[in-house]
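Some notes on the structure that comes next.
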Protein chains: 2
Amino acid sequence: MTLRGRKKGEAVPQGVVVRLPIYFRYLTELESAGVERIASAQLGEALDFTAAQIRSDLSYFGSFGQQGYGYNVSELLQQVKQILGLQRVYSMVLVGAGNLGKAIGSYEGFRKQGFDLKAIFDIDPHLIGNHHAGCVIRSLDELPEYLKENQTDIGIIATPKEAGQSVCDIFTAGGVPSIWNYSPTNLTVPDEVIVEDMHLTDSLLRLAFRLNERGFGGSSE
Amino acid sequence: MTLRGRKKGEAVPQGVVVRLPIYFRYLTELESAGVERIASAQLGEALDFTAAQIRSDLSYFGSFGQQGYGYNVSELLQQVKQILGLQRVYSMVLVGAGNLGKAIGSYEGFRKQGFDLKAIFDIDPHLIGNHHAGCVIRSLDELPEYLKENQTDIGIIATPKEAGQSVCDIFTAGGVPSIWNYSPTNLTVPDEVIVEDMHLTDSLLRLAFRLNERGFGGSSE
DNA sequence: TTGTTCTTGTTAATTATTCGACAAGATGAC
DNA sequence: GTCATCTTGTCGAATAATTAACAAGAACAA
């Protein structure tokens with residue numbers, strides 16, 4: 001898994017990490033559409049980035065193109081998958097079987113990329129025992145024991161904000177290396193644990209801000 | 001709605017837009033907890049930013065603190081609300097009443113901030129007529145007509161990727177100034193339309209990338 | 001072949017963002 | 001009232017990210 005290219009060893013800028021999944025998504029579409037080759041200029045046009053940025057981003061990981069030709073779509077897609085770590089399978093555990101938790105659990109988008117939801121936990125006695133997304137919903141009390149017995153790559157938190165930190169603590173105590181957090185709170189974790197936040201409300205507030213920034217009228221309260 | 005402060009007129013950096021909702025969320029927690037004052041150093045400690053960054057961010061919009069004292073929590077929260085545009089009420093329309101759409105529709109987090117879900121549309125005849133989140137689910141065919149009669153601030157797209165662009169087109173044709181997009185596709189919109197993407201899979205791929213970047217072992221396929 | 005057109009990967013310049021430092025001014029103890 | 005302590009808002013330095021430009025080399029047409 002050594003990374004090639006001139007920038008070997010350098011840290012990958014945040015922006016590159018954000019753009020990689022976008023490249024992945026678009027390349028997947030291109031491949032499905034039967035497109036064989038693409039140049040950075042075309043990619044940039046489609047995704048609204050500069051061609052230089054795309055070439056620069058990819059150069060962190062290697063040289064995947066060819067002068068005078070561009071990139072072979074399938075080959076580049078393969079490389080991007082490799083870069084993102086999609087040659088692996090990831091085991092996931094979900095805590096919180098409310099509306100949001102259920103939606104995440106039954107989302108098809110990542111299951112086919114090798115992200116396997118292995119178990120669901122909740123604290124609500126009414127939900128425990130129900131089936132969802134091919135899993136039985138278990139009591140949160142059983143989570144520490146479960147984590148001892150089952151290697152887990154990603155812990156998903158889809159609880160109200162009050163429970164977010166305590167669930168997170170159970171995950172980190174159980175050795176789960178990464179957290180996908182939908183609970184609207186800032187989690188405190190040991191340095192080595194990776195947290196990826198999905199704060200729905202934050203996203204909506206950014207939208208509201210930009211709406212107002214552009215002098216949008218809107219309805220007054 | 002004139003913005004004060006030394007940087008008046010300058011564009012607000014992307015990072016500031018990302019951090020504002022985080023400030024909002026934390027200040028709300030502080031106020032609920034009865035905390036009266038806070039210094040940028042403490043805020044930075046709690047949110048893992050530098051104190052200078054927080055002061056710099058706020059300075060884009062005005063001077064809200066006091067030397068030797070810090071910030072009054074309630075007052076600063078009020079200002080941040082104003083900056084984000086939360087003195088307004090926003091009308092929203094949701095397209096897509098699948099698992100994810102339902103979860104978004106019934107999410108309490110933004111309803112209380114003045115984001116009002118007014119109507120839900122779907123294309124599936126089995127769903128049309130059902131009630132959800134206080135709305136009847138209507139046929140997507142009725143959306144253009146609805147938008148003519150009802151001023152709408154935010155269009156929410158929670159459809160599969162195939163339908164994303166066409167729903168987006170209906171929104172923009174209907175004069176909706178902003179889109180909150182959950183469909184896993186890159187939308188093409190006129191310049192003046194604001195798009196805020198929430199791509200669940202992209203987020204998960206960023207997590208996978210960082211997991212691999214740190215030389216995480218994981219399960220091989 | 002040969003020459004023209006393309007397009008990459010990389011460098012250097014530009015632009016943007018973050019951060020440390022500090023003067024100015026408020027607070028609060030005595 | 002006086003002084004030591006805090007803490008802001010801002011400036012300039014340092015760091016980071018983006019972009020334009022171009023040499024090198026492949027593709028393709030004639």
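Quick caveat: nothing in here was measured; it's all calculated off a predicted structure. Each chain gets a letter, A, B and so on, in the order its sequence line appears, and its residues count up from 1.
For the pair A:Leu100/B:Ile104, no side-chain contact is recorded, criterion being any heavy-atom separation below 4.5 Å from C-beta on.
Using a 4.0 Å cut-off between charged nitrogen and carboxylate oxygen, B:Asp116 and B:Arg111 do not count as a salt-bridge pair. Ion pairing of B:Arg210 with A:Glu196 is present here, as a side-chain N (NZ or NE/NH1/NH2) and a carboxylate O approach within less than 4.0 Å.
Put simply, B:Arg55 has no side-chain N or O that comes within less than 4.0 Å of OP1 or OP2 on D:dG9. Considering only side-chain N and O atoms, B:Thr50 lies under 4.0 angstrom from the phosphate OP1 or OP2 of C:dC19. One finds no side-chain N or O of A:Tyr69 lying less than 4.0 angstrom from the OP1 or OP2 phosphate oxygen of C:dG9. When the side-chain nitrogen and oxygen atoms of B:Tyr71 are compared with OP1 and OP2 of D:dG9, one or more of them lie within a distance under 4.0 Å. Within the structure, a side-chain polar atom (N or O) of B:Ser40 is placed less than 4.0 Å from OP1 or OP2 of D:dT8.
Residue-to-nucleotide contacts include a donor-acceptor pair under 3.5 Å from the side chain of A:Gln67 to the base of D:dA24.
The nucleotide whose nearest atom lies closest to any side-chain atom of A:Ser59 is, among C:dT10, C:dT8, C:dA21, C:dT10. Side-chain proximity of B:Ser56 to the nucleotides D:dT19, D:dT10, D:dA27 is greatest for D:dT10. For B:Ala39, whose side chain is taken as the heavy atoms from C-beta onward, the closest listed nucleotide among C:dT8, D:dA26, D:dT8 is D:dT8.
Within residues 16-38 of chain B, the residues that have a heavy atom under 4.0 Å from DNA chain D are, in order of number, B:Arg37.
Classification of the A:Tyr90-A:Phe115 ring pair by plane angle, with boundaries at 30° and 60°, yields parallel.
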